[in-house]
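Take a look at the structure below.
Letters A, B, ... mirror the listed sequences (proteins, then strands); counts begin at 1. As a basis for the values below, the full set of heavy atoms in this structure was taken, side chains included, without hydrogen atoms, waters or symmetry mates.
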Amino acid sequence: MDWADELAASVEGPQVVNDSKTPSGTVHVGSLRGPVILDVIARALRARGTATSLLYGIDDLDPMDAQALLTPDAIEHEMGRPLAHVPDQAGDCHPSYARHHAQAFIDTFAGLGIHPDRYYWMSDVYASGVVDPFIRAALDRAEAVRAIYRRVANVQHPADWHPLQVVCESCARIGTTIVTRWDGERVFYECRPNLVSWAHGCGHSGWIPPFGGRAKLGWNLEWAAQWSIFGVTIEPSGKDLSTAGGSRDRADAIAREIFEREPPLNVAYEFLNIGGRKMSTSRGLGVAAHEIVRVVPPEQLRLLFLRPRPQTAIEFDPIGSDAIPRLFDEFDRLADATAGHPVRGELPAGYASVFRYSLLDPGADVAVIAAAFRPAFGHLALLRQIPGVDIDARIETEKGAPLTRLETATVRERTAAADAWLATFAPDKARIAVQRDRIPDEAGALEPDQCTWLGQLAAAALAAVSGPPASGDAWQALIFSTAAAAGLVPGRAFGALYLAFLGRPNGPRAGWLLASLESAFVLERLRVAAGEPVQESA
RNA sequence: GGGCCGUUAGCUCAGCGGUUAGAGCAGUCGCCUUUUAAGCGAUUGGUCCUGGGUUCGAAUCCCAGACGGCUCACCA
């Protein structure tokens, strides 16, 4: 954890760590990296005894510009209006669209152990009047703002452009208005039908005092104003904003030259890519946050995001791969190392911090958690596919002692994650499925002595005085005895069973697998595999 | 066109100035009357993208280039 601890060591005095987000719709997994980085920075600062407050802003006065989540008849009416003024489409008792979607990501953050000291809503902040001095400064110095856009971003605004958008008094849209004059107390604005492609203004124009929430600063200026209002000293930002000439450069220049304040320390971070491509639910790539959270518990998700340096792109491809089991294994390896156990492979610098910052509870007893027994994810995924396995009892046996409450909770969490993984992302090779309809094609690879033995096993099972074996133990014993009698080494005997039932050369403990199936089916399959002339019924 | 990131074993990656470059998976070989052979043990495999430079010493730092990717360039 060089990066967060080094950052924390490089700053002096009390710190205000801030980030903000427009509550425009669904959050995808990749957009959780910023909040995790934010939280880890705050934890690293506090770990050094630095007074730190963590703020999170909700830019709910931003215009509605994504119609995907609106009902068809609401699109024409709502597009371009402030998100805080758009009704909640879900109808689940939130006062606005913004409140609904903001609540979704606030809940997601809390589930990841991220608890800002305070959430602030820009609609409230504007209404309180604290932004007014910054609106006044921006309007008074509009020419300087335009010059910054030209110089920093090579953006040429018209000579009468002002960095402010008014909420139209006639149609209540904000995304469609442009301010062209400022007399020191009032602005003149127009609500233009074709200012933006995604919403249509009503054509109204007029003079209005732009204070107390009747207007909002342009995005880059609003960002810089937030820094001044809240005294922000550190603010991470994604690479889409951190690029040269991008929003962050403009906001930095505006902070210095218009609001006369040094901008906060930036921590630019890269995105999460799926198979080398940016996640995008609309392109069918990647996975929504609520979807991945079912398969990857919070502490493993935190690890995924905080382990690499922020400026390094994360390649994560959970679909049909072993990426998720590997993530768990890495977590366990870090836990073992933190607990002082020997581990294989190289450890990252500051591995104990990496582990500690991965934990949900910042005040947790790291030594106790690190030393806890935890079953490997891949092992659990296998156990879940074998009928009749009592997971708790099984894991307890492997530990050799009763499970603590923490360990039991971990087993539960991982079991649920393994089930979800098997149902979604797991590659076929991780799945075990008895091929019931007909004998697998792979069984064609059986050699004559294996076929012969399978027939002998069926015969022995049928001839047993007490009928075919009913228990795993009994089947297992019969497998060994008949294989020995046939002169077949056990490995080839088991291999034959796996091919005949699963279509793969290996599998779970064979006796128990057979015991979980009806005897009639088992006997019939054995005979078919042996090449005996039986009719395979459905 | 600008910016950022990456390039290390077949694959995914760690190592980020200091012995002979590591791990997991895959591969190969060995080990079964039963802690699940989805295990255990051993083992193969590398011009650390290329070319210069700095240094006693470079995968690691600097410069240039190649390739791959993301991102910005209208608004937020």
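Listed by chain and residue number, Arg492(A) satisfy the salt bridge (Lys or Arg N to Asp or Glu O under 4.0 Å) test with Asp449(A) (two or more places apart in sequence, or in another chain). Shown here are the side-chain contact (heavy atoms from CB on, under 4.5 Å) partners of Glu299(A), two or more places apart in sequence or in another chain: Phe331(A), Leu359(A), Leu360(A). Every residue meeting the salt bridge (Lys or Arg N to Asp or Glu O under 4.0 Å) condition with Arg192(A), not counting sequence neighbours, appears here in chain and number order: Glu190(A). Residues forming a ring pair (Phe, Tyr, Trp, His ring centres under 6.0 Å) with Phe259(A) (at least two apart in sequence, or on another chain): Phe134(A). Legend: residues meeting salt bridge (Lys or Arg N to Asp or Glu O under 4.0 Å) with Asp59(A), ordered by chain and number and at least two apart, are absent. Shown here are the side-chain contact (heavy atoms from CB on, under 4.5 Å) partners of Val86(A), two or more places apart in sequence or in another chain: Met64(A), Leu70(A), Glu78(A), Arg81(A), Gln89(A), Tyr97(A). Checked against ring pair (Phe, Tyr, Trp, His ring centres under 6.0 Å), His85(A) has no partners two or more places apart in sequence or in another chain. With sequence neighbours excluded, the residues that form a side-chain contact (heavy atoms from CB on, under 4.5 Å) with Ala253(A) are Ile148(A), Arg151(A), Val152(A), Glu257(A). Residues passing the salt bridge (Lys or Arg N to Asp or Glu O under 4.0 Å) test with Asp249(A), sequence neighbours excluded: none.
Comparing the C1' positions of C56(B) and C61(B) gives a spacing of 16 Å, expressed to the nearest Å. Here the separation of G17(B) from A38(B), taken at their C1' atoms, is 42 Å to the nearest Å. Distance noted for atom C1' between A21(B) and G45(B): 13 Å (whole Å).
Heavy atoms of Arg248(A) sit nowhere under 4.0 angstrom from any nucleic acid atom. Within the nucleic acid shown, Gln311(A) comes within 4.0 Å of sugar-phosphate atoms alone, with no base atom in reach, counting heavy atoms only. Ser247(A) comes within contact range of at least one nucleobase, with a heavy-atom separation under 4.0 Å.
Across G2(B), C75(B), A76(B), the shortest atom-to-atom separation from the side chain of Trp219(A) is found for A76(B).
Comparing Ser242(A) and Ser481(A) along RNA chain B, the residue whose closest nucleotide (by nearest heavy atom) sits nearer the 5' end is Ser242(A). With the nearest nucleotide of RNA chain B identified for both Gly378(A) and Thr312(A), Thr312(A) has the one nearer the 5' end.
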For nucleotides 66-68 of chain B, print each protein N/O atom paired with a nucleotide N/O atom at under 3.5 Å, atom names and distance only.
none

Give me the distances for all protein-to-nucleotides 8-13 of chain B N/O pairs that come in under 3.5 Å?
| from | atom 1 | to | atom 2 | distance (Å) |
| --- | --- | --- | --- | --- |
| U12(B) | O2' | Arg326(A) | NH2 | 2.6 |

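In this structure, Glu222(A) pairs ionically with Lys216(A), as a charged nitrogen and a carboxylate oxygen lie closer than 4.0 Å.
Paired regions of RNA chain B, where each region holds three or more successive Watson-Crick or G-U pairs whose two hydrogen-bonding distances fall under 3.5 Å, are B:1-7 with B:66-72, B:10-13 with B:22-25, B:27-31 with B:39-43, B:49-53 with B:61-65.
A donor-acceptor contact under 3.5 angstrom links the side-chain atoms of Thr243(A) to the base of G2(B).
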